[in-house]
**Q** 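Dropping the structure in here first, questions after.
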Amino acid sequence: MTASAAPALAPLGPADTGFWTDSLAAADPEVYAAVRHELARQQDRIELIASENIASRAVLEAAGSVFTNKYAEGYPGKRYYGGCDYADVIETLAIERARQLFGCAFANVQPNSGSQMNQAVFLALLQPGDTFMGLDLNSGGHLTHGSPVNMSGKWFNPVSYGVRREDERIDMDEVLAIAKANRPKLIIAGGTAYSRVWDWEGFRRVADEVGAVLMVDLSHIAGLVAGGAHPSPFPHAHVVTTTTHKSLRGPRSGLILWDDEGLTKPINMAVFPGLQGGPLMHIVAAKAVAFREALRPEFKLYAHAVVENARALAASIEEHGLRVVSGGTDNHSMLVDLTARSVTGKDAEKALDRAWLTTNKNGIPFDTRSPFVTSGIRLGTPAGTTRGFGVAEFRAIGRLIAQVVDGVATAGAGGEGAVEESVRAEVAGLCARFPVYPGM
Ligand code: DSN
């Protein structure tokens, strides 16, 4: 195209474009509309996905702050960019608060996500091809703990432990036997769908027995540990990774914690420059805010309420005839086995969605169905507890879930419209009584 044929462009500049002044609504009505709809979805439906929560307005504000604009490669006091004064302030606050919250000596607050925090530990402590152990995905593990489709399973040599068939709990004797047979360099404890108390001390004994590093992926239960509602992995774990947006109720992100100074250089070097470039400083700011919130005494009450509510939900589900894997829960989450109802996780998730109960289909231990179909659903109480639901509300939610699932069992995948409509009305009533982001 010749210069003379170029279309006339409006001059770029604040006065003409509204660059500095336009709200999202004015600048981009389509994205704005989707954000409003998402807000309404969170306000009007009950969130039961065990890995989700409802962050405070302060966390959202920090995550949407001008730190979005800042490059701060490096670490506080040692950056590769100028102008990092305030980036240093927030990163130092986040580190100090994380250390205080989890009672450990060191923290790296830069991992952008759960996957990257785990990759960073692998990069710091393993060589490609090294053997490591993790909980099998089908027993409640995580993709990054050795799934064959994940980098952890492609570039390393994963060996899995599972749960016992009889009681669907981890068998520490089996963990020891597998470790002895395979001599892993690293053992991961922690998962995404295991609802019982983790025996950190037992895992450390196994790790010591075979000379392995013990890594705890605390993601799901970090908030419970921070609030004293689940035993802490310290001093047993050599390194702890955790996302910050699940029971911890912060922004979507990752965090690495450890005690031994000898791990500091390898871990920090692995996060930057090994794996990541500039940290997301707006998210680091939001992490600092979330950690401050979690240090408050109210957070202990929250963490204990999450567990009490999960127990009430599990009991209600069982009273209404559905089976909870392992017979109950000690934490924030549970798997519901739908096999006896001949309902798949996929159909149940869809029916519950129609009734405004948001869940996810999930494989159960020894599931014979594919991960896209599954025989179960996973439920969690962190988000509902944040909005103020207590035992009575979660008992009611257990009844509503059973009604919807029974509708699918009776009428097929399409469910029973009338049942789903009446459940939706009850959900609307509960949501109205416990508002989320009022006035937003
Ligand atoms: N996808 C998350 C979960 O739902 O548990 C874990 O990364």
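Atoms within a ligand are numbered from 1 in the order they appear, just like the ligands themselves.
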**Q** Mark whether atom 1 (N) of ligand 1 lies under 4.0 angstrom from at least one protein heavy atom.
**A** no

**Q** With a 4.5 Å cut-off on side-chain heavy atoms, are L357 and V423 touching?
**A** yes

**Q** Considering only non-hydrogen protein atoms, determine which one is nearest to atom 7 (O) of ligand 1 and report residue, atom name and distance to 0.1 Å.
**A** H142 NE2, 2.8 Å

**Q** More than 12 heavy atoms of other residues, nucleotides or ligands under 6.0 Å from CD of E174: yes or no?
**A** yes

**Q** Considering only heavy atoms of T192, which atoms of ligand 1 have at least one such atom less than 4.0 Å away?
**A** 5 (O), 6 (C)

**Q** Please state whether the rings of F106 and W258 are parallel, tilted or perpendicular, taking 30° and 60° as the class boundaries.
**A** parallel

**Q** May I ask you to list the atoms of ligand 1 that are less than 4.0 angstrom from any heavy atom of H220?
**A** 3 (C), 5 (O)

**Q** A side-chain contact here means heavy atoms from C-beta on lying under 4.5 Å apart; do V197 and P231 qualify?
**A** yes

**Q** Answer with yes or no after comparing the ring centroid distance for W200 and H230 against a 6.0 Å cut-off, counting only values under it.
**A** yes

**Q** Does ligand 1 have a heavy atom under 4.0 Å from the side chain of E52, from its backbone, from both, or from neither?
**A** neither

**Q** Report, in ascending order of atom number, the atoms of ligand 1 lying under 4.0 Å from any heavy atom of S51.
**A** 3 (C), 4 (O), 5 (O)

